[in-house]
Novice: 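Can you read through this structure? Questions will come right after.
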Amino acid sequence: MYSIAKKVLFKLDPEVAHELSLDALGAAERLHLLQPFMSKTVQAPVELMGLQFPNAVGMAAGMDKNGDYYNALGKMGFGFVEVGTVTPKPQPGNPQPRLFRLVEQEAVINRMGFNNKGVAHLLANVKKRRYQGVLGINIGKNKITSEEKALGDYLYCLEAVYDYADYVAVNVSSPNTPGLRNLQFGEVFEALLHGIKEKQKQLAEKYGKHVPIAVKIAPDMSDDEVRGIADQLMKYQYEGIIATNTTISREGVENSRYSAEAGGLSGAPVRDKSTQTIKVLSDHLQGEIPIIGVGGIMNADDAVEKIEAGASLVQLYSGFIYGGPELVTEAANAIKALAASVSPKAT
Ligand SMILES: Cc1cc2nc3c(=O)[nH]c(=O)nc-3n(C[C@H](O)[C@H](O)[C@H](O)COP(=O)(O)O)c2cc1C
């Protein structure tokens, strides 16, 4: 069914196709027309970060930046949905065009730049939640906020969403907000992790519940840098790590007409970088912090590869554009089969 829709959607400008398909999906959900997809949600529970995930395959951040569509996306077979990145204030993002499909390479380049309606809008949406699965909320900083004041933006968003998120993802890895990736290193990173952890403790007391926090990192780091990040996350006792965001590399897409477009590259070309990052993390963390693997999952084997590299859950974005809901089901079934082969009781 998706292959028919895809033929039409791929004739349109990528951002128009994005808006159109999400609007249609949202309308279908409100009219209760998504039942056929719902029945396909694979049941293969995973317990992680104190949460129960129906299956291991999630929708990655960026598809539903404002929480406008998660009730519908949640019915596409996903075990969890991450909305955002949301920033304290609304912001338009970069000028269009800012989203490019590299069809031959099964890839996407985007420089959206955190276009979003602000955390108040997202909050109004998540307060009306019908979706009963696991909901992650991914937070970031406004473009106009300086690096020195970035922590304030994260704390503002964390406080706003804390009571409504099953987990919060801290995005310090988008390549499209100038300076954002610098937050992953050195004293700035440590100050950020410390500040967010302190706020989490206060909020846990205030609301009488502990909401886990995962940090989302980039694929463009040396192994030593990845290990450095892992050390800090262990030091501050973070509950999860999401690896990875898009890459600034153009390896594998040199021949595309879009290869010179600025932005983050996702889909098949980021797969190996992301898997390599997960392997380094997994070797270093030794199970202390769970890994959510994302980047270039275009088929069921790619999903299994992420789990074998050390991820406990996976997410996808570009694969959903190219493969639709069928990919979600295939990936969840493949991970289920893998778990059963490792531990026969896990079926
Ligand atoms: C159009 C687009 C927008 C994205 N926006 C965000 C975002 O707002 N926040 C974020 O953490 N990641 C964002 N991402 C990154 C994805 O969540 C994911 O980490 C990355 O695309 C790699 O996965 P994939 O190869 O399955 O797409 C975006 C990706 C794309 C393609």
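We use all heavy atoms of the structure for the numbers below, so side chains are in, but hydrogens, waters and symmetry mates are not. We count ligands from 1, going down the list as the structure has it; atoms in each ligand are counted the same way. Keep in mind that this is a model prediction, so the values were computed, not measured.
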Novice: Identify the closest protein heavy atom to atom 4 (C) of ligand 1: which residue and atom is it, and at what distance?
Specialist: Gly62 CA, 3.7 Å
Novice: Same cluster or not: Leu102 versus Val108, using hydrophobic residues (I, L, V, M, F, W, Y) connected whenever any side-chain heavy atoms lie under 4.5 Å apart?
Specialist: no
Novice: Identify the closest protein heavy atom to atom 27 (O) of ligand 1: which residue and atom is it, and at what distance?
Specialist: Ser318 OG, 2.6 Å
Novice: Could you tell me, atom by atom, which parts of ligand 1 come under 4.0 Å of a heavy atom of Gly295?
Specialist: 22 (C), 23 (O), 25 (O)
Novice: Has ligand 1 got any nitrogen or oxygen that is less than 3.5 angstrom from a nitrogen or oxygen of Gly296?
Specialist: yes
Novice: Output the distance between atom CG (Asn171) and atom CZ (Arg181), rounded to the nearest 0.5 Å.
Specialist: 9.0 Å
Novice: For atom 15 (C) of ligand 1, what's the nearest protein heavy-atom neighbour? Residue, atom name and distance, please.
Specialist: Asn245 OD1, 3.4 Å
Novice: If you measure from CG on Leu281 to CG on Asp223, what distance do you get to the nearest 0.5 Å?
Specialist: 9.5 Å
Novice: What class does the angle between the rings of Phe320 and Phe78 fall in, given that below 30° is parallel, 30 to 60° is tilted and above 60° is perpendicular?
Specialist: tilted
Novice: Indicate yes or no: does Lys273 engage Glu251 in a salt bridge with an N to O separation below 4.0 Å.
Specialist: no
Novice: Could you work out, for atom 19 (O) of ligand 1, the closest of Glu15, Lys216, Met63 by heavy-atom distance?
Specialist: Lys216
Novice: Considering only NZ, NE, NH1 and NH2 on the basic side and carboxylate oxygens on the acidic side, decide whether Lys197 and Glu239 come within less than 4.0 Å.
Specialist: yes
Novice: Specify the protein heavy atom at minimum distance from atom 28 (C) of ligand 1: its residue, its atom name, and the distance to 0.1 Å.
Specialist: Ala61 O, 3.8 Å
Novice: Are any of the N or O atoms of Asn171 closer than 3.5 Å to those of ligand 1?
Specialist: yes
Novice: Which residue holds the protein heavy atom closest to atom 2 (C) of ligand 1, what is that atom called, and what is the gap in Å?
Specialist: Asn110 ND2, 3.4 Å
Novice: Any N or O on Gly267 sitting closer than 3.5 Å to an N or O of ligand 1?
Specialist: yes
Novice: Enter the distance from Lys306:NZ to Asp301:CG here, rounded to the nearest 0.5 Å.
Specialist: 12.0 Å
Novice: Does the N or O separation between Gly319 and ligand 1 drop below 3.5 Å for any pair?
Specialist: no
Novice: Do the side chains of Lys89 and Asp153 get close enough for a salt bridge, i.e. N-O under 4.0 angstrom?
Specialist: no
Novice: Among all protein heavy atoms, pick the one closest to atom 20 (C) of ligand 1 and tell me residue, atom and distance.
Specialist: Thr246 CG2, 3.8 Å
Novice: Looking at atom 26 (O) of ligand 1, what's its closest protein heavy atom, distance included?
Specialist: Tyr317 N, 3.0 Å
Novice: Under 3.5 Å between some N or O of ligand 1 and some N or O of Thr244?
Specialist: yes
Novice: For atom 7 (C) of ligand 1, find the nearest protein heavy atom and state the residue, atom name and distance (0.1 Å precision).
Specialist: Thr85 OG1, 3.4 Å
Novice: Kindly check if the number of other-residue, nucleotide or ligand heavy atoms within 6.0 Å of CD (Gln237) is above 12?
Specialist: no
Novice: Centroid-to-centroid, Tyr322 to Phe10, below 6.0 Å?
Specialist: yes
Novice: For ligand 1, which atoms have a heavy atom of Ser266 less than 4.0 angstrom away?
Specialist: 21 (O), 25 (O), 27 (O), 31 (C)
Novice: Do the rings of Phe100 and Tyr258 sit parallel, tilted or perpendicular, given the 30° and 60° boundaries?
Specialist: tilted
Novice: Mark up the atoms of ligand 1 that fall under 4.0 Å of a heavy atom belonging to Leu316, in ascending order.
Specialist: 26 (O)
Novice: Heavy-atom contacts with Leu99 under 4.0 Å: which atoms of ligand 1 show up? List them by number with element.
Specialist: 1 (C)
Novice: Please indicate whether any nitrogen or oxygen in Asn138 is less than 3.5 Å from any nitrogen or oxygen in ligand 1.
Specialist: yes
Novice: Mind checking whether Leu51 and Pro212 have side chains closer than 4.5 Å, heavy atoms only?
Specialist: yes
